[in-house]
Amino acid sequence: MDTGMRERLMTIYDLLYAAFGPQHWWPGDSELEIVLGAVLTQNVAWSNVEKALFALKSRGLLSIPALAALPASQLAEFLRPTRYYNQKAARLQALVKMVQDAFGGDLDRFLAQDTAVLRCTLLGLKGIGPETADSIILYAARRPLFVVDAYTRRIFSRLGLVEPHADYHHVQELFMANLPADEPLFNEYHALIVCLGKAVCLARNPRCACCPLVNLCVQGREGRLEGGASPDGRNPATKHASRRNRR
DNA sequence: GTCCCGTTGT
DNA sequence: ACAACTGGAC
């Protein structure tokens with residue numbers, strides 16, 4: 001384990017924690033809610049996921065047998081706020097039916113499987129890719145797998161620690177090879193990344209002026225050096241400079 | 001108009 | 001590499 005890189009990753013963690021505080025993830029009352037939320041939040045704002053989960057909860061449908069028995073078209077209506085509602089309805093039902101058929105509807109027993117086996121089973125389902133699988137494993141099964149999402153890629157490529165188009169496994173290895181396999185740490189770290197990603201390190205107009213990591217960041221530093229009084233951190237000089245710095 | 005805790009099939 | 005899936009909040 002590269003102690004220099006470990007120090008850098010922990011410094012970033014400490015700065016994020018100081019800025020945003022503990023996040024207490026996953027937001028949800030049950031393991032089933034975590035699993036459903038992990039699928040429903042794909043490419044959708046969490047506020048929309050909450051609407052869908054509330055629609056199910058208020059009708060007493062937050063159980064594996066109830067979800068499995070629901071007509072797909074009716075489930076899709078409840079999932080409408082989460083975009084791709086037809087796809088997500090079919091995929092959620094495939095998931096809950098698998099737990100019902102292969103594990104007698106016992107979600108705890110499904111989640112208690114060996115981590116590698118669980119991951120393969122999840123990845124074998126349509127609609128569950130690496131991020132969703134790892135979210136379920138970290139936040140519902142409570143195993144120390146680092147979750148990589150679009151925010152992680154964006155933030156850590158802007159920090160200059162990964163290539164902009166590095167694949168999922170490569171980014172995951174940056175964290176897992178340099179940090180202790182500590183479930184509470186991975187839980188909080190990913191939550192803090194999401195916090196920074198949605199409030200500060202935005203895709204088009206990053207708010208570098210109020211970023212707790214600005215002193216560690218290639219883009220943020222350039223924006224500041226080149227007269228980046230620009231509150232949104234976007235000016236022609238910044239764009240040009242960051243392009244020049246790419247490999 | 002911007003942004004969103006992606007995955008699949010071409 | 002890229003389109004399809006295809007809603008709501010600020």
Side-chain angles (χ1 to χ4, degrees), chain A residues 13 16 20 22-28 31 33-56 72-73 75-95 98 119-142 145-158 162-172 175 186-208 210-211 230-234 239:
Chain A
Y13 175 85
L16 292 175
F20 299 115
Q23 299 301 303
H24 304 115
W25 271 28
W26 185 285
E31 284 172 347
E33 266 188 76
I34 296 171
V35 172
L36 299 178
V39 174
L40 294 179
T41 196
Q42 290 169 2
N43 214 34
V44 179
W46 180 254
S47 56
N48 287 20
V49 177
E50 288 181 319
K51 290 181 190 304
L53 287 177
F54 180 78
L56 294 171
S73 60
L75 179 56
E77 281 309 305
F78 296 131
L79 302 187
R80 185 176 282 277
T82 69
R83 306 179 84 179
Y84 325 132
Y85 42 87
N86 289 315
Q87 277 193 351
K88 285 178 178 176
R91 289 164 177 182
L92 276 191
Q93 284 202 309
L95 172 60
M98 183 275 293
R119 193 170 197 271
C120 283
T121 308
L122 288 167
L123 290 176
L125 293 164
K126 294 296 177 207
I128 298 190
E131 180 188 337
T132 307
D134 290 344
S135 291
I136 291 170
I137 294 169
L138 176 62
Y139 290 103
R142 304 262 167 200
L145 274 193
F146 204 94
V147 175
V148 175
D149 63 350
Y151 292 141
T152 313
R153 279 210 187 71
R154 191 161 76 214
I155 292 166
F156 285 83
S157 67
R158 284 174 175 171
V162 298
E163 298 295 319
H165 299 296
D167 67 23
Y168 187 94
H169 182 71
H170 183 88
V171 182
Q172 186 174 51
F175 296 93
F186 288 3
N187 176 321
E188 196 62 51
Y189 208 148
H190 176 68
L192 289 166
I193 286 169
V194 170
C195 212
L196 185 75
K198 69 172 159 197
V200 179
C201 200
L202 305 182
R204 309 260 187 109
N205 303 333
R207 299 171 181 163
C208 302
C210 66
C211 180
S230 160
D232 60 2
R234 176 194 54 160
K239 282 187 171 177

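Proteins come first, then strands; the chains are lettered A, B, ... in the order of their sequence lines, and each starts at number 1. A quick note: this is a predicted structure, and the numbers were derived from the prediction, not measured. When reading the values below, keep in mind they use all heavy atoms of this one structure, side chains included, and skip hydrogens, waters and symmetry mates.
Counting any heavy atom pair closer than 4.0 Å across all strands shown, A/Leu40 reaches no nucleic acid atom. At the heavy-atom level, A/Ala191 lies nowhere under 4.0 Å from the strands shown. Within 4.0 Å (heavy atoms only), A/Gly37 reaches no atom of the nucleic acid at all. Looking at heavy-atom distances under 4.0 Å, A/Arg83 makes contact with a base. Across all strands shown, A/Ile193 has no heavy atoms under 4.0 Å from either base or sugar-phosphate atoms.
For residues 77-95 of chain A, the set of pairs meeting the salt bridge (charged side-chain N to carboxylate O under 4.0 Å, His left out) definition, not counting sequence neighbours, comprises A/Glu77-A/Arg80. Sorted by first and then second residue, the salt bridge (charged side-chain N to carboxylate O under 4.0 Å, His left out) pairs involving residues 121-135 of chain A (not counting sequence neighbours) are A/Arg119-A/Asp134.
With hydrogens and angles ignored, the 3.5 Å screen pairs a side-chain donor or acceptor of A/Gln42 with a backbone N or O of A/Gly127. Looking only at distances, a side-chain donor or acceptor of A/Asn187 sits under 3.5 Å from a matching main-chain atom of A/Trp25.
Toward the 5′ end of DNA chain B lies the nearest nucleotide of A/Ala203, the other residue of the pair A/Ala203 and A/Ile128 mapping further downstream. Closest-nucleotide positions on DNA chain B for A/Asp149 and A/Gly127 were compared, and the one nearer the 5' end corresponds to A/Asp149.
Set against B/dG9, B/dG6, B/dT2, the side chain of A/Arg204 has B/dT2 as its closest nucleotide. Closest contact between the side chain of A/Arg91 and the listed nucleotides B/dT7, B/dT8, B/dC3 involves B/dT8.
For the side chain to side chain contact (heavy atoms under 4.5 Å, CB included) test, residues two or more places apart in sequence or in another chain that qualify with A/Leu192 are A/Tyr13, A/Leu16, A/Tyr17, A/Phe20, A/Gln23, A/Glu188. Every residue meeting the side chain to side chain contact (heavy atoms under 4.5 Å, CB included) condition with A/Cys201, not counting sequence neighbours, appears here in chain and number order: A/Ile155, A/Arg158, A/Leu196. A/His24 pairs by the side chain to side chain contact (heavy atoms under 4.5 Å, CB included) definition with A/Pro22, not counting sequence neighbours. Under the side chain to side chain contact (heavy atoms under 4.5 Å, CB included) criterion, A/Ala55 pairs with A/Arg59, A/Phe78, sequence neighbours left out.
OP1 or OP2 of B/dG6 has not a single side-chain nitrogen or oxygen of A/Thr41 nearer than 4.0 Å. Between A/Arg154 and B/dC4 there is a side-chain polar atom (N or O) within less than 4.0 angstrom of OP1 or OP2. The phosphate of B/dT7 has neither OP1 nor OP2 within less than 4.0 Å of any side-chain N or O from A/Lys88.
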Validation: residues 45-52 of chain A side-chain donor-acceptor distances under 3.5 Å, sequence neighbours left out:
from	atom 1	to	atom 2	distance (Å)
A/Trp46	NE1	A/Glu50	OE2	3.3
A/Asn48	ND2	A/Pro81	O	2.9

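At whole-Å resolution of the value, OH in A/Tyr168 and P in B/dT7 are 8 Å apart. Straight-line distance from the CG atom of A/Leu196 to the P atom of B/dC3: 15 Å, rounded to whole Å. If you take CG of A/Leu92 and P of B/dG6, they are 15 Å apart, rounded to a whole angstrom.
The stretch residues 43-53 of chain A comes close to DNA chain C through A/Asn48, A/Lys51, each having a heavy atom under 4.0 Å from the strand.
Ring geometry for A/Phe146 against A/Phe175 counts as parallel: the plane angle stays under 30°, on a 0 to 90° scale with 60° as the upper cut.
Bracketed by its first and final contacts, the part of DNA chain C lying under 4.0 Å from non-hydrogen atoms of chain A reaches from C/dC5 to C/dA9 in 5' to 3' order.
Nucleotides C/dC5 and B/dC4 have their C1' atoms positioned 15 Å apart, rounded to a whole Å.
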